[in-house]
Amino acid sequence: MRLPHKRPEWSKLNRHPRLTKIQQRANRHHSSIRVLVEHAIAGMESFNCLTHRIQNQSSSRIDHFFSIAGGLWN
């Protein structure tokens with residue numbers, strides 16, 4: 001898992017902490033990918049089999065539902 005860069009802590013020596021331009025660009029790229037993934041997950045949740053609790057909670061059935069919803073959404 002990749003996390004975005006965090007702004008440095010404030011200190012007496014560093015009163016205005018900022019990210020570098022490269023770190024800002026990397027954060028923008030990271031957020032653009034994250035938005036696409038979140039929209040895809042939200043679109044797959046429009047299928048009721050993923051939003052409701054499944055009675056038989058076997059991992060193979062849940063994986064099967066996710067693969068069907070992902071294939072239909074894409």
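All values derive from a computational prediction rather than experimental measurement. Note that these values count all heavy atoms, side chains included, but never hydrogens, waters or copies made by symmetry. For this chain, numbers begin at 1 and follow the sequence in order.
Residues His30 and Arg2 come closest through the heavy atom pair NE2-O, 2.8 Å. Heavy-atom minimum distance, Ser46 versus Gly43: OG-O, 2.6 Å. The two residues Leu19 and Lys6 make their nearest non-hydrogen contact at CD2-O, 3.3 Å.
Remark: Pro17 engages Arg7, Pro8, Trp10, Asn14 in a side-chain contact (heavy atoms from CB on, under 4.5 Å) (not counting sequence neighbours). Listed by chain and residue number, His64 satisfy the side-chain contact (heavy atoms from CB on, under 4.5 Å) test with Ser67 (two or more places apart in sequence, or in another chain).
How far CG of Asp63 is from CD1 of Ile68: 11.0 Å, rounded to the nearest 0.5 Å.
With hydrogens and angles disregarded, no donor-acceptor distance shorter than 3.5 Å links the side chain of His5 to the backbone of Gln24.
Applying the salt bridge (charged side-chain N to carboxylate O under 4.0 Å, His left out) test to pairs two or more places apart or on separate chains, those with a residue in residues 12-34 are Arg34-Glu38.
Residue His29 places its NE2 atom among 12 or fewer non-hydrogen atoms of other residues, nucleotides or ligands, all under 6.0 Å distant.
In summary, of the residues considered (Val35, Val37, Leu36, Ile41), a side chain to side chain contact (heavy atoms under 4.5 Å, CB included) with His39 occurs for Val35 alone.
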